[in-house]
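Presented below is the structure to which this report refers.
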Amino acid sequence: MQPYVLSAVLLCSFGALILAHVSILKMRRYQAKLESSEERLRLSLWGSGDELWDWNISSGELYRSSSWLHPVELQPNSSDIPPNKQQIHPQDIDRVCQQLQLHLEGKTSHFEATYRLKTADQQWTWVLDRGKAVEFSKSGKPSRMTGTLKNIHQLKQTEEQLQLFARCLQTISDAVVICDTDFNIIEVNPAFSKITGKSRELMLNRRFELTMYPSRFMHDIRHTLHQHGSWSGEIREQRLNAEVYQAELTFDLIKDDLGMVSQYVAVFSDITERKLREAELSRLASSDTLTGLPNRAVFLQKLAQLVSEKTEHALLVFDLDNFKKINDSLGHELGDNLLCKLADRLSNYKRYQNCLYRLGGDEFAMLLDHTNDLHFITSLAKELLALINQPILVNQHELAITSSIGIVLFPDDGSDPQALLRNADTAMYHAKSQGANRYLFFNDSMNKLAVKRLQVENLIRHGLKESYFSVYYQPKMDIATGQLTGMEALVRFITPKGGLISPASFIPVAEETGQIIEIGEVVLRQACKDVKRWIDQDLFQGRVAVNLSSRQFSLPFLCEQIDDILQETELPSYHLELEITEGTVMQSPPQAIDTMKKLRARGIHLAMDDFGTGYSSLAYLKQFPLNTLKIDKAFVDDMNTARGRNMVDTIVTIAHNLSLTVVAEGVEQAEQLEMLRKLRCEVIQGYYYSKPLSADDFAEFLRLHKKQHNKPVAVPALS
């Protein structure tokens with residue numbers, strides 16, 4: 001080989017080496033750029049949280065770059081479309097397939113779907129899947145798709161929360177208003193439009209205002225918001241139709257990430273109905289349900305206020321005289337109507353407005369504040385009586401009613417509300433006892449009497465508990481024969497410390513408080529026991545007379561109670577006589593006749609006590625199933641005058657004409673006995689023969705009487 005040829009070959013080889021080296025360098029630089037680009041792409045995908053996927057549609061092969069912290073489990077199957085079908089939530093498969101098919105058919109520019117995908121830890125996570133066909137077969141069908149998969153689980157949860165909040169905002173019954181920092185409305189919910197009547201379109205971009213308040217009010221709300229972060233209160237506002245409603249309004253401020261105020265939120269609810277109910281409940285709590293007047297609770301509150309403020313005032317307490325008789329005779333419904341009409345009459349009278357109260361039943365009160373003027377109070381009391389006295393037409397009954405008024409002055413007659421009310425009641429009861437239809441100012445003597453009455457009431461209660469009540473007996477003697485015909489059982493109240501308490505002291509109190517019912521039961525039971533014992537001892541075969549009080553006589557279970565006592569003591573009913581006062585039976589004659597007939601049907605004798613002292617009607621007297629008339633001691637004492645003797649003679653004549661036996665009580669002198677004998681009175685009772693005796697002493701009296709007459713007293717034949 002020629003040298004120049006060798007040189008040329010070497011030169012070419014060297015050139016080839018240089019070209020190869022340059023190519024290698026270029027290749028390395030390109031590879032470095034490619035790796036750098038891939039690294040940037042990988043980092044970008046990792047930073048964005050996306051995954052890159054490449055799907056060879058023809059072969060079914062799926063490539064995915066896994067950049068998630070918890071990679072998606074992938075089990076490709078060439079027959080599945082989409083290839084990750086086994087990992088998609090069953091509820092989402094149809095939707096994903098539909099979107100993918102639309103793209104493969106060329107009907108969409110790209111594929112996009114959100115669905116739940118199973119992760120490696122067998123949990124479901126929401127993903128956003130996006131892709132596009134990048135290669136096509138000769139027939140034009142897609143053969144390759146690439147895309148990205150983004151984990152949007154947190155975003156989806158946030159979206160669901162926002163949707164939940166939006167639904168709540170739409171369905172909540174409270175109105176919600178969102179305002180910007182200038183209190184311009186930027187959003188309202190449907191409840192706002194329902195409550196106010198104002199549409200969303202009407203209110204957007206308008207300033208939030210309370211039309212029934214001055215502008216200063218909103219300024220104060222804003223000031224409170226910036227100081228405390230919230231404001232709440234009750235407001236009144238107008239609807240679109242000018243109707244006024246009440247609302248409970250709450251304002252709060254919203255801050256952005258930098259702590260700056262970005263919006264204000266107002267929430268309010270319509271409380272109109274609630275306020276109406278509260279007002280009605282307040283009215284019911286403070287008003288008397290029958291008359292509509294302020295009730296006892298309001299009265300006591302006002303009285304306590306006047307006392308605490310040391311305001312001079314007068315208290316008038318009054319009730320209707322004999323209101324119970326109206327209720328019993330005409331019915332409670334008519335009685336209620338009467339009270340309503342009286343309340344209307346008094347409350348419509350200008351001078352009594354805002355000072356009249358109903359305390360309960362037929363009891364009313366009047367508070368006159370800032371006055372202790374006796375002349376003014378007296379004239380008002382007279383005026384009040386005159387106003388009450390005017391007839392009232394109720395259910396076609398024209399009723400003439402009267403009232404008794406008790407008056408106290410603060411601070412003279414009491415230093416606290418309880419004392420004032422108690423003393424006013426005391427004065428009212430004294431006015432009633434003095435004939436009613438009058439007014440009385442309270443004085444200290446009344447208080448002493450009231451205290452004494454309370455002491456007696458407590459003493460009676462204690463006496464019933466400790467069995468301090470005993471029964472004494474006063475004999476009834478036949479004038480013609482001198483024989484004992486029977487006796488009257490009289491109650492005696494004997495205390496260990498106080499000794500004998502006069503019946504005149506405790507019986508009126510017992511009648512008023514109702515304790516007389518229990519006392520009467522004690523007397524009846526003890527009398528039946530004693531008489532049964534004396535009958536068994538062959539000392540007595542007559543009748544024992546027991547007084548029935550008006551309260552006892554009106555008991556609905558009186559007959560049953562007497563049956564129980566007779567059965568318990570084993571006393572035959574014909575040995576018992578019940579004495580009923582004239583005033584008792586005349587309270588309700590038809591009812592009295594019915595009760596008396598039931599007692600007579602049991603074989604019990606009946607006597608009318610104190611005949612002639614009340615207001616008996618002879619028309620009723622002949623209807624009463626009586627056995628005996630008792631002449632009151634007052635008539636016996638008056639027999640020393642011709643008029644008195646004539647009165648007794650008349651009573652005896654009436655009794656005999658009605659086939660009744662006559663008993664004169666309170667006989668103390670022989671002259672009285674002789675007069676009664678001449679007037680044909682059969683039986684006498686009184687100190688002339690014997691004072692009331694204890695059970696032991698009366699048993700001894702029976703023994704002596706039997707010894708003298710050699711036989712016990714026999715029961716007279718039934719008349």
Distance-only, no hydrogens or angles: does the [X] side chain make a donor-acceptor pair with backbone N or O of [Y] under 3.5 Å?
X    : Y    : result
D594 : K597 : no
N348 : D344 : yes
D416 : A419 : yes
D288 : T291 : yes
S573 : R602 : yes

So which heavy atom on [X] is nearest to which on [Y], and how close?
X    : Y    : result
K432 : L320 : NZ-O, 4.0 Å
A431 : L440 : N-CD1, 3.4 Å
A527 : A489 : CB-CB, 4.0 Å
P625 : R600 : O-NH1, 3.1 Å
S404 : A436 : OG-CA, 3.4 Å
C528 : L566 : SG-CD2, 4.1 Å

Less than 3.5 Å apart, which donor and acceptor atoms pair up between the side chains of residues 375-390 and the rest of the protein, not counting sequence neighbours?
| unit_1 | atom_1 | unit_2 | atom_2 | d |
| --- | --- | --- | --- | --- |
| T378 | OG1 | L374 | O | 2.7 |
| S379 | OG | H375 | O | 3.2 |
| S379 | OG | F376 | O | 2.8 |
| E383 | OE1 | R351 | NH1 | 3.2 |
| E383 | OE1 | Y352 | OH | 3.4 |
| E383 | OE2 | Y349 | OH | 2.9 |
| E383 | OE2 | R351 | NH1 | 3.1 |
| N389 | ND2 | L385 | O | 3.3 |
| N389 | ND2 | I401 | O | 3.1 |
| N389 | ND2 | N437 | OD1 | 3.2 |

Side-chain touch [X]/[Y], heavy atoms, less than 4.5 angstrom:
X    : Y    : value
E521 : L555 : no
R461 : K465 : no
P411 : N372 : yes
I195 : R239 : yes
L359 : L421 : yes
S470 : I494 : yes
D530 : V544 : no
L290 : C340 : yes

Check this for me: [X], atom [atom1], are more than 12 non-hydrogen atoms of other residues, nucleotides or ligands nearer than 6.0 Å?
X    : atom1 : value
E398 : CD    : no
E668 : CD    : yes
N354 : CG    : no
Q301 : CD    : no

Is the closest side-chain donor-acceptor distance between [X] and [Y] under 3.5 Å?
X    : Y    : answer
N547 : Q552 : no
T402 : D321 : yes
T272 : D270 : yes

note = By ring pair (Phe, Tyr, Trp, His ring centres under 6.0 Å), F217 pairs with (sequence neighbours left out) Y213, W231

ask   = Is any side-chain N of the basic residue among E577 and K630 closer than 4.0 Å to the acidic one's carboxylate O?
value = no

ask   = Is the distance between the ring centroids of F469 and F506 less than 6.0 Å?
value = yes

ask   = What pairs of residues pass the ring-ring contact (aromatic ring centres under 6.0 Å, His included) test when at least one of them lies in residues 288-335, not counting sequence neighbours?
value = F299-Y357, H313-F410, F318-F364

ask   = What class does the angle between the rings of F268 and Y245 fall in, given that below 30° is parallel, 30 to 60° is tilted and above 60° is perpendicular?
value = parallel

ask   = Nearest 0.5 Å, what's the CG-CD distance between L249 and E237?
value = 9.5 Å

remark   = Interatomic distance, CD1@I519 vs CZ@R551, rounded to 0.5 Å, equals 11.5 Å

request  = Could you walk me through whether R296 and V298 pass the side-chain contact (heavy atoms from CB on, under 4.5 Å) test, one step at a time?
outcome  = CA-CA 5 Å; R296 188 183 188 91; V298 178; over 6 Å; no

Side chain to side chain donor-acceptor pair (under 3.5 Å), paired with Q474, selected from Q685, E665, E488 = Q685

